[in-house]
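Scroll down for the structure; my scribbles are underneath it.
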Amino acid sequence: MNTKRGSSGRGRVAGLPEWDRCGVMGVVNVTPDSFSDGGRWFDTTAAVKRGLDLVVQGADLVDVGGESTRPGAPRVDEEEELRRVVPVVRGLASEGVTVSVDTMRASVAARAVAAGAMLVNDVSGGLADPGMIGAVAAAEVPFVVMHWRGFSAGMNSLAVYDDVVAEVTAELRDRLDAVVAGGIAPERLVVDPGLGFAKNADHDLALVAHLPALRALGFPLLVAASRKRFLGRVLAGADAAPPPARERDAATAAVSAIAAHQGAWAVRVHEVRATADAVRVARAVEGAL
Ligand code: PMM
């Protein structure tokens, strides 16, 4: 399968703005318990303000989520997820922000799109809710297909691979086929390796090292390394304790530069400013080739 390539060679996603470089997706987690920023933007007004601040810092789009997917996290119930997410999506969309909704539930995706979301980011790639693919197809919005093997509560035990790059690529190819067969137009798809989801630090590093293999699937690529455990391990070295999530933003920006340089369509980050600089540097370097 192949989608039309944008002028930058990163692919373009029908229905979303096009940038002349790797895009920056800022994260607003409206949750009490996300591993990296849980509790900070739990109130609607604070969450909308955070999203607007991220745009000022250089975010091209803002991803709003109401369910923590940190390893071991329990699921949030549907009513609570709707209560968290929909007003924030509405508030940001009404200010002209390009909003994506991070959800595994079809009902939340549909309500968020009605409130103005332009992209559905489902970390399960449509596997968690059998209604998701039909809902996104009917809404005619773009869809992120992330590599996923199971819910957060048990995902660490699923981090078993002989060849992580080959297996993640093959599993994503199957999901992309299923999503297209379910009615979502190929030109609306984005693919994501799902760093940290049923993957250990070595798996994550191998995937970052081999992003061109994922690009070869023929879809725009989203990379979400921000503050994740593998960066904690890299920064800690062999024996030391990893630094807390909020001290991993410089390392996140380094991955953003690598991903941008390898042709990622966008990177998803909690702190936007350094990554906005990183993708601009990558763009300038490409321009000098
Ligand atoms: N990771 C998290 C949440 N949403 N969405 C996509 N597409 N890819 C990811 O890797 C991803 C995601 C978990 O991180 P967070 O809890 O810090 O937001």
Side-chain angles (χ1 to χ4, degrees), residues 13 16 23-42 47 50-51 54 59 61-76 81 84-85 88 99-105 108-109 112 117 119-128 132 136 142-149 151-152 155-156 159 168 172 175-176 179 189-199 203-204 207-208 211 214 219-232 244-249 251-252 255-256 259 264-272 275:
V13 182
L16 291 180
V24 180
M25 175 188 275
V27 180
V28 177
N29 284 321
V30 194
T31 57
D33 59 344
S34 283
F35 86 99
S36 57
D37 57 354
R40 296 193 70 199
W41 331 112
F42 194 40
R50 174 66 178 168
L54 293 180
L61 63 169
V62 173
D63 191 38
V64 178
E67 175 171 6
S68 170
T69 50
R70 72 184 152 73
R75 296 217 62 192
V76 65
E81 191 183 351
R84 293 177 185 181
V85 162
V88 179
V99 179
S100 112
V101 61
D102 185 342
T103 184
M104 292 185 272
R105 286 199 170 96
V108 177
L119 169 72
V120 175
N121 173 25
D122 177 0
V123 298
S124 82
L127 285 168
M132 179 62 95
V136 174
F143 187 56
V144 177
V145 177
M146 198 193 84
H147 178 261
W148 187 84
R149 284 184 165 183
F151 290 103
S152 300
M155 71 180 171
N156 283 347
V168 166
L172 276 171
R175 280 317 297 152
L176 291 160
V179 162
L189 293 178
V190 175
V191 69
D192 181 334
L195 299 175
F197 286 79
K199 289 157 199 100
H203 298 142
D204 288 338
L207 288 163
V208 173
L211 293 178
L214 295 155
F219 293 88
L221 178 66
L222 175 64
V223 177
S226 189
R227 299 180 171 177
K228 285 189 175 167
R229 280 173 300 164
F230 79 102
L231 295 178
R246 275 191 230 157
E247 289 172 24
R248 301 176 193 169
D249 290 325
T252 298
V255 180
S256 296
W265 166 77
V267 286
R268 176 185 182 277
V269 294
H270 300 88
E271 277 301 324
V272 161
T275 277

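Order of listing sets the numbers, starting from 1, for every ligand and every atom in it.
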May I ask you to decide if E67's main-chain N or O and T31's side chain share a donor-acceptor pair within less than 3.5 Å?
-> no
Sub-4.0 Å atoms of ligand 1 with respect to non-hydrogen atoms of T69 = 2 (C), 3 (C), 13 (C)
Hey, is R227 one of the residues with a heavy atom under 4.0 angstrom from ligand 1?
-> no
Can you tell me if D63 and S100 form a side-chain donor-acceptor pair at under 3.5 Å?
-> yes
Looking at ligand 1, does any of its N/O atoms fall within less than 3.5 Å of an N/O of D63?
-> no
side-chain contact (heavy atoms from CB on, under 4.5 Å) with L61: which of N121, L119, L54, V99?
-> L119
At a 4.0 Å threshold, what atoms of ligand 1 neighbour a non-hydrogen atom of H270?
-> 15 (P), 17 (O), 18 (O)
Within the structure, does S226 bring an N/O atom to less than 3.5 angstrom of an N/O atom in ligand 1?
-> no
Atoms of ligand 1 less than 4.0 Å from A224 heavy atoms?
-> 8 (N), 9 (C), 10 (O)
Taking the side chain as every heavy atom from C-beta outward, state whether L207 and K199 have any pair of such atoms under 4.5 Å apart.
-> yes
Check V179, V108, T103, L127 against M132 for a side-chain contact (heavy atoms from CB on, under 4.5 Å) and give me the one that passes.
-> T103
If you measure from the Lys or Arg side-chain nitrogens to the Asp or Glu carboxylate oxygens, is any gap between D102 and R268 under 4.0 Å?
-> yes
Proximal ligand 1 atoms for L222, defined as those under 4.0 Å from one of its heavy atoms = 7 (N)
Tell me which one of D102, D192, V144, D204 gets a heavy atom nearest to atom 8 (N) of ligand 1.
-> D192
Atoms in ligand 1 with a heavy atom of M146 nearer than 4.0 Å | 6 (C), 8 (N), 9 (C), 10 (O)
Just heavy atoms, cut-off under 4.0 Å: does N29 contact ligand 1 by side chain, backbone, both, or neither?
-> side chain
Measure across D204 and G196 and return the closest heavy-atom pair with its distance rounded to 0.1 Å.
-> OD1-N, 2.8 Å
Would you mind listing which atoms of ligand 1 come within a distance below 4.0 Å of any non-hydrogen atom of V123?
-> 4 (N), 5 (N), 12 (C)
Interfacing atoms of ligand 1 (cut-off 4.0 Å, heavy-atom, N121) | 5 (N), 6 (C), 7 (N)
Tell me, do V190 and V145 make a side-chain contact under 4.5 Å, heavy atoms counted?
-> no
